[in-house]
Amino acid sequence: MVIVTFLLIWLQVHFIAVNMGKIPNIPKLVAEALGVAIIVVLTTYILMPITTKYILGWWLFPKKAFPTKDDNDEDNNKNSPPSLEITNHTNSISSSLKQQQQQEDDLETGKEEP
């Protein structure tokens with residue numbers, strides 16, 4: 001990825017920044033700043049996303065050659081209801097809240113726990 005980034009920046013500097021200095025009646029420092037701004041915008045929002053997603057996507061985001069059982073389970077369960085663990089955790093929270101509410105009600109009515 002370092003080589004790709006180097007090539008993207010180098011090509012832009014070679015073609016864009018050099019030509020910014022050729023604009024007549026513009027100070028050299030302003031031309032340099034304009035060239036850098038154009039390179040940063042091109043790299044950040046246009047060239048790097050295209051390079052990452054379409055040109056080098058096969059290398060950066062490889063598909064597994066031999067999917068494991070866990071990978072298949074994840075694919076099959078994408079649209080399934082929440083897991084039992086989450087349901088059990090939610091039920092335990094609900095029962096704790098009910099128990100706490102019952103204790104508060106008992107204190108208000110004057111009942112004490114045995």
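Counting Ile, Leu, Val, Met, Phe, Trp and Tyr side chains that sit under 4.5 Å apart, directly or through other members, Val40 shares a hydrophobic cluster with Val36. Here Val18 sits alone; no ILVMFWY side chain lies under 4.5 Å from its own, so it joins no hydrophobic cluster.
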Side chain to side chain contact (heavy atoms under 4.5 Å, CB included) between Leu7 and Ile3, intermediate numbers included:
CA-CA 6 Å; Leu7 289 174; Ile3 294 170; 4.1 Å; yes

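Both Met48 and Ile38 belong to a common hydrophobic cluster when Ile, Leu, Val, Met, Phe, Trp and Tyr are linked at side-chain heavy-atom distances under 4.5 angstrom. Hydrophobic clustering places Ile50 together with Phe61 (ILVMFWY residues linked when any side-chain heavy atoms are closer than 4.5 Å, directly or through intermediates). By the rule that hydrophobic residues join a cluster once side-chain heavy atoms approach within less than 4.5 Å of another member, Leu42 and Trp10 end up as members of separate clusters. Under the 4.5 Å side-chain heavy-atom criterion for grouping Ile, Leu, Val, Met, Phe, Trp and Tyr, Met1 is connected to Leu8 within one hydrophobic cluster. By the criterion of side-chain heavy atoms lying less than 4.5 angstrom apart, applied directly or through intervening Ile, Leu, Val, Met, Phe, Trp or Tyr residues, Leu29 is not grouped with Ile23; the two fall into different hydrophobic clusters.
Note that CG of Leu60 is 8.5 Å distant from CH2 of Trp58, once rounded to the nearest 0.5 Å. Rounding to the nearest 0.5 Å places CD1 of Ile39 at 11.0 Å from OG1 of Thr44. Between Phe6 atom CZ and Leu11 atom CG the span is 9.0 Å, to the nearest 0.5 Å.
When all heavy atoms are compared, the tightest approach of Met20 to Gly35 is CG-CA, 3.7 Å. Residues Thr43 and Pro49 come closest through the heavy atom pair O-CD, 3.8 Å.
Of the possible polar contacts, none joining the Glu32 side chain to the Lys28 backbone as a donor-acceptor pair under 3.5 Å is found.
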